[in-house]
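Input: a single structure, listed below in structure tokens.
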Amino acid sequence: MAVKLKVNKDACVGCGLCVGSYPEVFAFDAENKAEVVAECDETVADEAVASCPAGAIEK
């Protein structure tokens, strides 16, 4: 099942871990904050949420 993640822009610190790990799902916006550019599967979603050091990625 495809999951559409969300990035809490207030919490995002722009470290780039999500963009580097999952470039097919995340990209940087004009303010160097992460943004979701595609849906992903449940496994990738869980990994991305768990790996964000700022806790900015939400399902």
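Note that this is a predicted model, so its numbers are computed, not measured. Hydrogens, waters and symmetry mates play no part in the numbers below; they use all other heavy atoms, side chains included.
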With a 3.5 Å distance limit and no angle check, can you tell me whether [X] reaches the backbone of [Y] through a side-chain donor-acceptor pair?
| X | Y | answer |
| --- | --- | --- |
| Lys59 | Leu5 | no |
| Lys9 | Ala34 | yes |
| Lys6 | Glu58 | no |
| Ser21 | Cys18 | no |

- Rounded to the nearest 0.5 Å, what separation is found between the SG atom of Cys12 and the CG atom of Asp29? 7.5 Å
Please give me the minimum heavy-atom distance between [X] and [Y], naming the atom from each residue.
| X | Y | value |
| --- | --- | --- |
| Tyr22 | Glu47 | OH-OE1, 2.9 Å |
| Ala54 | Ala11 | CB-O, 3.3 Å |
| Pro23 | Gly20 | CD-O, 3.8 Å |
| Ala38 | Glu24 | CB-O, 3.3 Å |
| Ala27 | Val19 | C-CG2, 3.8 Å |

[X], [Y]: one ILVMFWY side-chain cluster at the under-4.5 Å cut-off?
| X | Y | result |
| --- | --- | --- |
| Phe26 | Val37 | no |
| Ile57 | Val13 | no |
| Leu17 | Val36 | no |

- With the side chain counted from C-beta on, respond yes when Val7 and Glu35 share a heavy-atom pair under 4.5 Å apart, and no when they do not. no
